[in-house]
Every structure is written in C-alpha cells, then in structure tokens.
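Report on the structure given below.
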Amino acid sequence: MEKEVSIGLLGLGVVGSGVAQLIENYQDDLKHQLGCGVRVKSVLVRNLEKARSYDIDHSILTTNCDDVLNDPDINVVVEVMGGIEEARKYILQAFQAKKHVITANKDLIALYGPELEAAANENECDLFYEASVGGGIPLLRGLSDGLVSDRIQQVMGIVNGTTNYILTKMDVDGTSYEDALKEAQELGFAEADPTADVEGLDAARKMVILARLSFLTNVELDDVEVEGISNLSLTDLQYGKQLDYSMKLIGFANRTNDHHIEVSVQPTFLSNKHPLASVTDEYNAVYINGEAVGETMFYGPGAGSLPTATAVMSDVVEAIKNMRLGVNGKKFVKPRFQKELTPMDQRYSQFYLRLHVKDEVGAFALISELFHQMGISFERILQKPSNKDELAEIVVVTHETSLAKFKDSLAKLRELYVVENVESFFRVEGDAK
Ligand code: HSE
C-alpha cells in the first residue's frame, strides 16, 4: 500500500471545502486509521480566480476534468459539484479509469443510482454516497450495515433542514411562511432555488435513496407522492398546538406487506409523543422501525460544510480500507424485489380535517352521519365561529382509516350543502408503533 492515497475533488463549494479542510486538519487521525496519509491532489473548479472561504493551495486547482479523471495517481474521486448531467458523465468516466467514487449528490443518486452502481460494479470500483441523505448523520451505513440482518418495516424522515426550520419558526414563533423562508435562505440552508426544498422534491429524492436501501426494491422518483409546505396556513398550526401536535414535513417509506411499499412526502401532524416531534430547526432525523430491532432514530445536522464532509470522509476511508483489502466494488447489493406500490385502500393513518360549515341546526349531524356511513369514527372534534359570517369552523381528527376511504369521504363532504369549504386536511401520525 502507498504511503499516501491521492484523491481528486470535482467541485470546491461548501462541501468540497469542508472535505479539503478535514483532510488537512485530521491528517494524523486519518493516518492512524488507515496506515497511510490522504492528500488532495487535484480539484476541478469552474473559476480559478474565485475568492474562497477556505485557503487552499492554488496550484492544485484546475479547470480541466482530465487532471482529476485521468491522473493515474488519483485512486478516489469525490464528486461534490452537484447538478446532474455533467456529474453523471464525470462519474462514469472515473469508473472507466478504475477510480472509486464518493458523491454527496442526492439528485443524481435518486435519478441514476442504479445505473451508476452497475457501472461501478462492472469496473470493480466502489460507489458510496453517505452524504446524500441526512448530511453528517451516519445514516446509510447505519441502515444498510447496522440493520442488515433486520427487516425494515417503516422509515419516517425529517430529511430537509430548510422546511424543518421554516415549520419550527411557524409553529413556535408564529412567523409567517414567507418570513421564515427568507430567514432560512439568509442562513444558507435552502438550495439555490428553494422550490425543491419547500415543494418536497429534495426530501422525495432522499426518501427514494432510503427506500431502496431499506426494502431492496427498484423504487424511482416517479413512485413518490410529494406535497410541499408552501400552502400551509398558520391557522392549522395553531389548531395543531391545541391538539398537542407538531407540523413536520415527513418522508414515509412504509412496507405494508411483504413487497408492497409506500413512499411519500407530505406535511404531517405528529403527536408530540412521537420521537420525531422533538426534532426542530434545521436538524434532520430519521426514525426507523425494524421487525427485530424495534424503534431506532438517527439525528443530527442534515447539511453544512464540515458535517456533510464528515459523511464524505467516512466513504473515502471505507474506499481506502477496501483498497488495502483488495475488495473494492463488492458492496453492491442488487435489488431483491420488484416494487409494488401499496394501493390507497391499504394505506392507513389518522387524518386531521378543517371545514367551514353553515352555522345552522343539524349541520354537524349531517357531517357526522356521512362519516358514520363511511365507517370512519372521530377521535377529536373542535368547533368555533369562523371569521366569516354565518359560518362555523370545525376541526376533526379521525381514528385510523384508509386513505381511499378518507378521500371518498372528502368528495362526499364537498357535496353536502352545509359544507362551505374543506379548508385543509393532513395525515396524522400518533404514538410510535
Ligand atoms: N437544502 C437541503 C436541506 C440541504 O435543506 O436539507 C441538504 O441536502
């Protein structure tokens, strides 16, 4: 084994600078773990002149991708440039040149993970992406190695820091959605275009990766039902407080029977007794329920330079250890089950519903009769006069029912003459199962 392993970086943004910094600051620790040093030999950047927050030796910067991808001294390529097409092309080139690849790129892995894993496998290279979900939380290895002998039943994740920050500000301080988003952007959590964060797409990509690893199926982004937080109203969050719920953007990956799975992302009212309810601000957490292990929860910073770089470095270290053992490219686990998505009549949860109804005798009786006919019972009911004339605002929380039945009931409710409007409805998740 060489005295020093050379790595090449594709990109020197927030995460790339963190990786360079960790390699410099923890060189002795890395040597102790690996028995050899690690050095960054070349870094592909777009602009050589750009001012950088981290002071790096300018002689290793290059704008020519061949300096990283075709340098025979470089064994490990770290892709932290983001984006899809260029990153994919470079990673495939790296595999052809027999280099191991570490990436933090959740968008790329969600879209092209299976193709890239196959290319890595063919070339006997490692492809690791610990940093793609949950930033610095040692999550993917925890899931795929730590829980390898278990059967995962449910994964619930707060996997987007921006939306968790916004929801915390709305929930705790009563801040408006717009102001909270602005604060998140100023603090640098949001993606360049916050649409992917607030509309749930960023979380959906991460849930695809978690679902693949949890259930060994060929889940794709199109299989995920996604709803974001941009239409939430403070009124619902205030009712949530009365009901002892916290509003969270939750990614679900549930196995409903042997092979049926549901993957979705949606604003969800969580009972404050649920372990995920205590996860506030920009923090991420993933709650995993395994048949054998029971409940586990992984918590930590979901973004940020040094936290995300620690996840990247855990992959770099694994690839180098594999080099020492001569076992690179052996980690790839093929999907075992053809995906089958759980139909709506087998997806059970409680629901919160807020209605504006005519404030007249018998209005509530009609609504409760409809739910009675549908076989859905109420767990809780709140009512108060609405701000609008002659209307009452009713909030109900149902007992557990199927999504299909709940949607049917909504359609029928909208036809009742006493129902002025269905203002909102949300999935409710209660105590940890
Ligand atoms: N925009 C992402 C978030 C960054 O808010 O969680 C980490 O993927």
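Atoms within a ligand are numbered from 1 in the order they appear, just like the ligands themselves.
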Practice prompt. Give a yes or no on whether the backbone of Asn254 and the side-chain of Gln154 come within a donor-acceptor separation of less than 3.5 Å.
Written response: no
Checking [X] now: which residues fulfil ring pair (Phe, Tyr, Trp, His ring centres under 6.0 Å) with it, not counting sequence neighbours?
{"X": "Phe406", "result": "Phe351, Phe425"}
{"X": "Phe426", "result": "Phe269, Tyr352"}
{"X": "Phe337", "result": "His259"}

Discussion item. Distance under 4.0 Å, heavy atoms only, partner ligand 1: which residues pass?
Written reply: Lys106, Asn160, Gly161, Thr162, Phe189, Glu191, Asp197, Asp202, Lys206, Gly302, Ala303
Worksheet item: Would you say the side-chain atoms of Thr103 and Glu79 include a donor-acceptor pair closer than 3.5 Å?
Response: yes
Practice prompt. Tell me yes or no: between the side chains of Tyr129 and Glu117, is some donor less than 3.5 Å from an acceptor?
Written response: yes
